[in-house]
Asks: 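Before I ask anything, let me first share the structure, which is written out below as structure tokens.
Note: hydrogens, waters and symmetry copies are ignored here, and every other heavy atom, side chains too, is used. Every value quoted in this text rests on a predicted model; they were computed, and no experiment measured them. So that the names make sense, note that chain A is the first sequence line, chain B the second, and so on, each numbered from 1.
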2 protein chains.
Amino acid sequence: MPVFAVLPTEEFVLDEAPATLHDRLVSRLRALFLEGELPEGSRIPEIALSERFGVSRTPLREALKVMAAEGFVILRPNRGAVVAPVDPTEVAPLVEFKGALERLIGLLVPSRASEADIAELERLHLDLGDALERQDHAAYTRINYAFHQRLAQATRNPVLAQNYEAVQQKIWRYRFTINELSDRLTASYAEHEGIMAALRARTRLDLAERLEEHNRLTGEAMAQALATTGRFSPSHKSRKRSRSA
Amino acid sequence: MPVFAVLPTEEFVLDEAPATLHDRLVSRLRALFLEGELPEGSRIPEIALSERFGVSRTPLREALKVMAAEGFVILRPNRGAVVAPVDPTEVAPLVEFKGALERLIGLLVPSRASEADIAELERLHLDLGDALERQDHAAYTRINYAFHQRLAQATRNPVLAQNYEAVQQKIWRYRFTINELSDRLTASYAEHEGIMAALRARTRLDLAERLEEHNRLTGEAMAQALATTGRFSPSHKSRKRSRSA
DNA sequence: TAGGCAATTTCTGCATGCAATATGACAAGA
DNA sequence: TCTTGTCATATTGCATGCAGAAATTGCCTA
């Protein structure tokens, strides 16, 4: 036995070891859903998916149970699992709910965030500005996601942070609605400037209101995009082709 | 997956026949955890539990995955599942989080509740008064749970209602902290009177503030009870006896 | 030709078996 | 006596097999 263990690098990286197969499957499935690889509403044959992932049905079924608990798939007894359809009428309740969380975040962060937290948020805010300048919508959306997640964590309330990320993930599926709206991107960044200002000043009510407003405006933009673009005709389902191009 | 109310007394649960075995297991496990049958932090041997329920390990494992996703059990890879320990430091974040939801409920219900909703809430409120008169703490807690759940549903926001019930279930595990505090019961009912008044008048801000305050006061009572009673010495574990009496 | 019924086929749900890992005890050496 | 290495046991993780339900197809009848 080697005294100096090889320590295959993973030991260091994986603080939270997803050593088990079904855990990894949950991650992969979540990625699939969040990236929109699987068309919404489509059935998920267990055998096909298990073969695709190279595992047996048992861990896949366990992973599907978790995804169902998180609301990304719907399990119908004896009738298989379907990808939870992206329902445009679901956006409004999600945004409304998230608004309440945003407000609480705004109320808590000023009194609980450390200087390191704010510094980290400043850094993300700079990255956000870079993405805006480059007109890199994908990057902007991603950094924006990370910023708000970080902000939620700065409340030092793990329940809040976890639930916030959960609702963020659900809304993430509708991000395509605003991906191409440049003016919304600019407006969003302006709101972020105000948020950062309130954050630096650590003014509770101001930050809460700005976050709520930011959430509300983003939701309105999504709703408007959904209303104008007739994107939800359930007939055509060839959205994945846009990726292969 | 919808989080169907478990709300003790399994008779209510069976409105929606969970045809699949693991679904029933989830319900039974949730009931076990909510009733505190299983001591927190204890390991859950799969074989023992599967024999107790008279099923094989497969559906039990699937049910445990769901419970883990909901935060009631913790799965350690290759080391089995443990009942999520009831951590008194978790109460404050839960209450704080629920406060944000209460406020949103208060803001939404006045403009969205139907007359039938309010009538139903009036009925529950009467039952609550009866329970108070009888000094039936268990009934009071249960009806109180149902009342607030119904109120959340009256917002017509399914996301809010579902998340509210989830956080309610988590806090439910700490209800023993206030089960014996008669004065808190009386105060709670007084607050409910105010809530009902605001509800009848359909005054948004008033209802929101009253709900937030009600939540805050309940949380404070729980925190105080946790601080005074040295209930969390991990040595003695004979809490289930309080039910059989 | 259209509609209904039945058989087949496909897929899900659950039980069981085997391999892998963790846990505890025990013995040998310092 | 304490540490360390090894082994035995128990438990988890995953694959496979079988029974049952649902979906589909084909056939028969009106």
Side-chain angles (χ1 to χ4, degrees), chain A residues 1-8 10-30 32 38-39 41-69 72-85 234 237, chain B residues 1-2 4 14 16-30 38-39 41-69 72-84:
Chain A
M1 171 186 296
V3 180
F4 298 103
V6 186
L7 280 183
E10 296 187 3
E11 309 240 347
F12 288 121
V13 181
L14 305 177
D15 48 347
E16 180 115 358
T20 60
L21 193 49
H22 53 259
D23 266 342
R24 272 185 305 233
L25 283 178
V26 169
S27 298
R28 296 179 67 177
L29 281 174
R30 220 194 316 258
L32 279 184
L38 278 70
S42 68
R43 290 196 49 217
I44 309 175
E46 291 179 357
I47 296 180
L49 254 192
S50 63
E51 284 177 353
R52 169 173 179 174
F53 287 139
V55 300
S56 96
R57 287 173 49 219
T58 306
L60 177 70
R61 283 174 58 84
E62 293 177 350
L64 282 177
K65 292 287 179 304
V66 175
M67 300 301 295
F72 286 106
V73 307
I74 297 175
L75 296 179
R76 301 166 304 174
N78 289 318
R79 297 180 59 191
V82 299
V83 183
K237 55 186 174 182
Chain B
M1 172 192 292
F4 288 114
L14 305 178
E16 175 119 355
T20 59
L21 191 49
H22 53 257
D23 266 342
R24 271 186 305 236
L25 282 178
V26 169
S27 296
R28 296 179 68 178
L29 280 175
R30 221 192 319 252
L38 279 69
S42 67
R43 290 196 49 216
I44 308 175
E46 291 180 358
I47 296 181
L49 253 193
S50 63
E51 286 176 353
R52 170 173 178 174
F53 287 139
V55 301
S56 95
R57 286 174 48 217
T58 305
L60 177 70
R61 284 174 57 84
E62 293 178 351
L64 283 177
K65 291 287 178 302
V66 175
M67 301 300 294
F72 285 106
V73 307
I74 297 175
L75 296 178
R76 301 166 305 173
N78 288 318
R79 296 180 59 190
V82 299
V83 183

Asks: Evaluate the criterion side-chain contact (heavy atoms from CB on, under 4.5 Å) for residue pair Asp23(B) and Leu75(A); output intermediate values, then yes/no.
Replies: CA-CA 10 Å; Asp23(B) 266 342; Leu75(A) 296 179; over 6 Å; no

Asks: Are His22(B) and dC14(C) close enough that a side-chain N or O sits under 4.0 Å from OP1 or OP2?
Replies: yes

Asks: Give a yes/no answer on whether the side chain of Thr58(A) brings an N or O atom under 4.0 Å of OP1 or OP2 in dC14(D).
Replies: no

Asks: Distance check needed: dC14(C) P versus Phe53(B) CZ, whole Å only.
Replies: 14 Å

Asks: Roughly how far apart are Leu60(B) CG and Arg28(B) CZ, rounded to 0.5 Å?
Replies: 10.5 Å

Asks: Of the listed nucleotides (dC14(C), dC14(D), dT12(D)), which one gets closest to any side-chain atom of Pro59(B)?
Replies: dC14(C)

Asks: The side chain of Leu21(A) lies closest to which of these nucleotides: dT12(C), dC14(C), dA15(D)?
Replies: dA15(D)

Asks: For Leu49(A) and dA15(D), what is the distance between atoms CG and P respectively, to the nearest whole Å?
Replies: 14 Å

Asks: Is a donor-acceptor contact shorter than 3.5 angstrom present between the side chain of Thr20(A) and the base of dT12(D)?
Replies: no

Asks: Taking C-beta and beyond as the side chain, do Leu21(A) and Phe53(A) meet within less than 4.5 Å on heavy atoms?
Replies: no

Asks: Send over the distance from Leu75(A) CG to dC11(C) C1', rounded to a whole Å.
Replies: 14 Å

Asks: Of all heavy-atom pairs between Arg57(B) and Ser50(B), which one has the smallest distance, and what is that distance?
Replies: CG-OG, 3.9 Å

Asks: Tell me whether the side-chain N or O atoms of Arg57(A) pair up with the base of dG13(C) as donor and acceptor below 3.5 Å, since no angle test is needed here.
Replies: yes

Asks: Whole-Å distance between dC14(D) P and Glu62(A) CD?
Replies: 7 Å

Asks: Could you check whether Leu60(B) gets within reach of a base, just the sugar-phosphate, or nothing at all, counting any heavy atom under 4.0 Å?
Replies: nothing

Asks: In whole angstrom, give the distance that lies between atom CG of Asp23(A) and atom P of dT12(D).
Replies: 16 Å

Asks: By nearest nucleotide on DNA chain D, pick out whichever of Val55(A) and Arg79(A) is the more 5' one.
Replies: Val55(A)

Asks: For the side chain of Arg43(B), starting at C-beta, report the closest nucleotide among dA15(C), dT11(D), dG13(D).
Replies: dT11(D)

Asks: Is there a side-chain polar atom (N or O) of Arg61(A) under 4.0 Å from OP1 or OP2 of dT12(C)?
Replies: no

Asks: Of the listed nucleotides (dA15(D), dT12(C), dC14(C)), which one gets closest to any side-chain atom of Ile47(A)?
Replies: dT12(C)

Asks: Between Pro77(A) and Ile44(B), which is nearer to the 5' end of DNA chain D once each is assigned its nearest nucleotide?
Replies: Ile44(B)

Asks: With the side chain counted from C-beta on, respond yes when Arg43(B) and Arg76(B) share a heavy-atom pair under 4.5 Å apart, and no when they do not.
Replies: yes

Asks: Roughly how many Å is it from CG in Asn78(B) to P in dT11(D), rounded to a whole number?
Replies: 14 Å

